[in-house]
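What follows is a set of notes on a single structure, which appears directly below.
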Amino acid sequence: TPKPGDGPISMRTSDLTSVTPAERAQLLRRPVLKSGEMIDKVKPIVEQVRQSGDKALLELTAKFDKASLTSTVAFPPYTAESMKVDEEVRKAIDVAYANIRKFHEAQIDKTGLQVETMPGVVCSRFARPIARVGLYVPGGTAILPSTALMLGIPAQVAGCKEIVLATPPRSDGSISPEVMYVAKLVGASAILKAGGAQAVAAMAYGTESCPKVDKIFGPGNQWVTAAKMLVQNDTDALVSIDMPAGPSEVLVIADHTANPAFVAADLLSQAEHGVDSQVVLVAVNLTADHLASIEREVDEQAHALERVDIVRQSVSKSLIVKAPNVEEAIAFSNDYAPEHLILHLENARDKIPLIENAGSVFVGPYTPESCGDYASGTNHTLPTNGYARQFSGVNTQSYQKHITSQEITASGLGKLGPVVATLADCEGLQAHANAVRIRLKAFQ
Ligand code: NAD
């Protein structure tokens, strides 16, 4: 029996060969994020946690998550009962953990670098872990062990000493056992049972029971994102964040070789995330029949999904962009800077050199985004909203900072010193010049 709102699930279509520059710019835009407005809304919550610590956390968790807790933080060892997961799921988590760990371990800068810039002048750079990190794993009702893996593994392999994992509790006060199991795998040193802006504030400032952290990672809804943006600008908090986050998105480029069912499935796997998800299909010179079969697949597969109502809303805001050739399709994608980019193209791998902006790329017909979302090894916490122009996704180096160092010999200073003294004189910084000249004089 048809339900209200039933009907075709379809996307809008534009053609790159006929759009004006203004229309093209419009196609590249995401729904407006009202970050300023949200920051004003989270301010009182952040302030409440800062002033009243654990007491505020308990009150806010009762209010927003409908959970009445007696304590807000759990420390290891976590009970076996709290980590009890289905055997199949546990095995799947273990495989995902191994792959993600392998890829993130390989990113560790073990040796650092050393360069002699002039004879006797040696500059070096080496990495150190950020000591205390906070990982936000979204969702009170949703089970998101994948996000716990993606945020926790690089922290673990980078060697962070304190790993605080925050997630909103379920109404009975518990955390999903899958997330607890991952928390143990990645060596989380504390579990903060709180969500939203209050969790971010607790990790940024610390409370009686929640350790203060140096950097906060992780996706979340607009309350989480706004709180992260607020605390990173407060010098009292002295905390940084991974990146500004927004609703998840995918851009799929498909040519004549693309399997319509695969393309549709990839578009829908993104569309089911949430009503604000962004889905774009760039169709490279497809025949009308080919495009119609993709659209038919989208409609049919969408109707078979449990989350069809979410998909209906996100797909209705999404677009098909027709491009005359692969070069123009990739140029559009580079301007859009998608979080996820899927290439359903002939010889897809050969097109990678053309890609300038993307969070993560999925190459060829047998590489669904889902694999990167869960278990291939790459990270799924990626820049959205066009931030792939200037941000990388979360990676092991996100949990490290680099320290530079230099050592200069007496003869090195003999050559470099006069250069520095001249530049210091030029800038009028006499004491700087003096620190060099006093040594040069000592040589004579
Ligand atoms: P969430 O954990 O982000 O937010 C839940 C919290 O929001 C609650 O604990 C509450 O404190 C706060 N909140 C809700 N309504 C509020 C209100 N009116 N006032 C103050 N605080 C309020 O979980 P969510 O809401 O389910 O959102 C999850 C988000 O994370 C989605 O946007 C989803 O797309 C995103 N996500 C992204 C990824 C990724 O890797 N990109 C993965 C998973 C989820």
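As the structure is a prediction and not an experimental result, all values here were calculated from the model. Atoms within a ligand are numbered from 1 in the order they appear, just like the ligands themselves. The figures that follow rest on heavy atoms only: side chains count, while hydrogens, waters and symmetry mates do not.
- Ligand 1 places these atoms under 4.0 Å from at least one heavy atom of Val224: 3 (O).
- Checked against a 3.5 angstrom limit, the closest N/O atoms of Asp65 and ligand 1 fall inside it.
- Judged as a ring pair (Phe, Tyr, Trp, His ring centres under 6.0 Å), and not counting sequence neighbours, the contacts of Tyr399 are Phe217.
- Of all atoms in ligand 1, listed by their number and element, those nearer than 4.0 Å to a heavy atom of Gly220 are 3 (O), 29 (C), 30 (O), 32 (O).
- Heavy-atom distances between Gly139 and ligand 1 reach below 4.0 Å in at least one pair.
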Extract all donor-acceptor atom pairs below 3.5 Å that involve side chains of residues 179-192 and protein atoms in other chains or at least two apart in sequence.
| from | atom 1 | to | atom 2 | distance (Å) |
| --- | --- | --- | --- | --- |
| Tyr181 | OH | Asp94 | OD1 | 2.7 |
| Tyr181 | OH | Asp94 | OD2 | 3.4 |
| Ser189 | OG | Ile163 | N | 2.8 |
| Ser189 | OG | Ile163 | O | 3.1 |

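- Only the side chain of Pro168 comes within 4.0 Å of ligand 1, judged by heavy-atom distances.
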Which is it for Glu59 and Lys55 under the salt bridge (Lys or Arg N to Asp or Glu O under 4.0 Å) test, yes or no, and what are the steps along the way?
CA-CA 6 Å; Glu59 285 170 15; Lys55 182 170 166 285; 3.2 Å; yes
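- Heavy-atom neighbours of Tyr374 OH from other residues, nucleotides or ligands within 6.0 Å: at or below the threshold of 12.
- Each of the atoms 42 (C), 43 (C) of ligand 1 lies under 4.0 Å from some heavy atom of Thr147.
- When only modelled atom types and interatomic distance are considered, Ser10 and Glu295 share no side-chain donor-acceptor pair under 3.5 Å.
- For the pair Ser248 and ligand 1, the shortest N or O to N or O distance does not fall below 3.5 Å.
- For Gln198, every heavy-atom contact with ligand 1 shorter than 4.0 Å involves the side chain, none the backbone.
- When heavy-atom distances to ligand 1 are checked against a 4.0 Å cut-off, Leu144 comes that close only through its side chain, counted from C-beta outward.
- Salt bridge status for Lys228 with Asp242: present, with a side-chain N to carboxylate O gap under 4.0 Å.
- Looking at Glu249, its side chain does come within 3.5 Å of a backbone N or O of Glu339 through a donor-acceptor pair.
- The contact set between ligand 1 and Gly196, taken as ligand atoms under 4.0 Å from a residue heavy atom, comprises 6 (C), 7 (O), 9 (O), 11 (O), 12 (C).
- Less than 4.0 angstrom separates some heavy atom of His380 from each of these atoms of ligand 1: 40 (O).
- Ligand 1 places these atoms under 4.0 Å from at least one heavy atom of Gly195: 9 (O), 11 (O).
- Using a cut-off of 4.0 Å between Lys/Arg side-chain N and Asp/Glu carboxylate O, Lys351 and Asp255 are scored as not salt-bridged.
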